[in-house]
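Single-structure report; data block below.
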Amino acid sequence: RIETTYEARWRPTGATVSSTPALVKVKPQVGLRVKSARGRVVTFFTKVRGARSFGGKILAFQRKNSRGRWVTLRKVTLASTSSATFRSRLPRGRSRVRLFMPAAQAAPGYVAGISRVLTLSR
């Protein structure tokens, strides 16, 4: 895991006083929303935000199965704008979906990122 360490230093009277280092895990902000839906085919939009570009990175579009496990339905490649529009066919009934960006796809200095979970009924 990639983490960032922050430490505060203060020099009140010539002697340096330092805080205890704090480790912070930095996650990319992965957005997910529905653009449109026609029957069981749903068009989604995603944008990944952070201090760096995520253009060309790959996310996994996932659905929670009946056993409670996340199953990847398709891979989504981000454009140079760190965004993508994509379609997916969902089964009848209720579906819980999300986007997952593994740490290997995140930019250096970031850990894995996950979008909010959307619940859709088809």
Side-chain angles (χ1 to χ4, degrees):
R1 287 193 148 161
I2 299 170
E3 299 174 329
T4 302
T5 304
Y6 291 95
E7 180 181 26
R9 292 188 183 165
W10 183 46
R11 189 179 290 184
T13 59
T16 302
V17 178
S18 297
S19 70
T20 303
L23 289 175
V24 178
K25 296 176 183 174
V26 182
K27 292 182 180 182
Q29 182 183 6
V30 181
L32 175 64
R33 69 177 172 88
V34 174
K35 276 186 83 170
S36 65
R38 289 190 178 177
R40 294 186 341 190
V41 177
V42 182
T43 303
F44 295 92
F45 175 78
T46 184
K47 178 139 181 102
V48 180
R49 291 182 173 88
R52 300 177 181 177
S53 171
F54 293 95
K57 300 297 183 178
I58 299 170
L59 293 89
F61 180 65
Q62 300 178 324
R63 178 180 178 273
K64 196 171 239 187
N65 69 14
S66 60
R67 294 185 178 128
R69 294 193 174 131
W70 290 103
V71 177
T72 299
L73 301 177
R74 62 171 295 159
K75 303 289 184 179
V76 177
T77 303
L78 296 173
S80 61
T81 57
S82 299
S83 64
T85 299
F86 63 98
R87 289 186 188 129
S88 186
R89 180 179 295 275
L90 298 176
R92 293 188 193 281
R94 191 178 86 149
S95 293
R96 297 184 70 200
V97 297
R98 72 177 187 181
L99 279 170
F100 172 69
M101 175 182 270
Q105 286 295 311
Y110 288 87
V111 295
I114 302 171
S115 73
R116 66 187 176 123
V117 176
L118 299 179
T119 301
L120 306 167
S121 295
R122 305 273 30 104

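Model, not experiment: these values are computed from the prediction. Computed over heavy atoms, backbone and side chain alike; hydrogens, waters and symmetry mates excluded.
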Look up atom OG in S115 and atom CZ in R33, then write down how far apart they are to the nearest 0.5 Å.
-> 13.0 Å
If we only count heavy atoms from C-beta on, is the R63 to S88 side-chain gap below 4.5 Å?
-> no
Does S82 have any side-chain contact (heavy atoms from CB on, under 4.5 Å) partners at least two apart in sequence or in another chain, and if so, which?
-> S53, F54
Side-chain contact test, heavy atoms from C-beta onward, threshold under 4.5 Å: evaluate it for F44 versus V76 and give yes or no.
-> no
Enter the distance from R87:CZ to R38:CZ here, rounded to the nearest 0.5 Å.
-> 8.5 Å
Around R40, counting heavy atoms of other residues, nucleotides and ligands shown, do more than 12 lie under 6.0 Å from its CZ?
-> yes
Heavy-atom pair with the smallest gap, counting every atom of K75 and A60 = NZ-CB, 4.4 Å
Given side chains that start at C-beta, do those of V48 and K57 come closer than 4.5 Å, heavy atoms only?
-> no
Given the rule that I, L, V, M, F, W and Y join up when any side-chain heavy atoms are under 4.5 Å apart, are F86 and V97 in one cluster?
-> yes
Check for a donor-acceptor pair, side chain of T46 on one end and backbone N or O of S83 on the other, with a separation under 3.5 Å.
-> no
Can you spot which of N65, V117, I114 makes a side-chain contact (heavy atoms from CB on, under 4.5 Å) with W70?
-> V117
Donor-acceptor contact present, side-chain K47 to main-chain T81, <3.5 Å | yes
Answer yes or no: is there a side-chain heavy-atom contact under 4.5 Å between Y110 and R52?
-> yes
Are side-chain heavy atoms of R98 and V30 found at a separation under 4.5 Å?
-> no
Honestly curious: do V41 and F61 fall in one hydrophobic cluster under the side-chain, below-4.5 Å linking rule?
-> no
So, Q105 side chain and I58 main chain: donor-acceptor pair closer than 3.5 Å or not?
-> yes
From NZ (K64) to CZ (R94), nearest 0.5 Å = 9.0 Å
Heavy-atom closest pair (L90 atom, S95 atom, distance to 0.1 Å) is CB-OG, 4.0 Å
Give, for atom CZ of R49 and atom CD of Q29, the distance between the pair rounded to the nearest 0.5 Å.
-> 6.0 Å
What about L73 and F100, same hydrophobic cluster or not, with Ile/Leu/Val/Met/Phe/Trp/Tyr joined at side-chain heavy-atom distances under 4.5 Å?
-> no
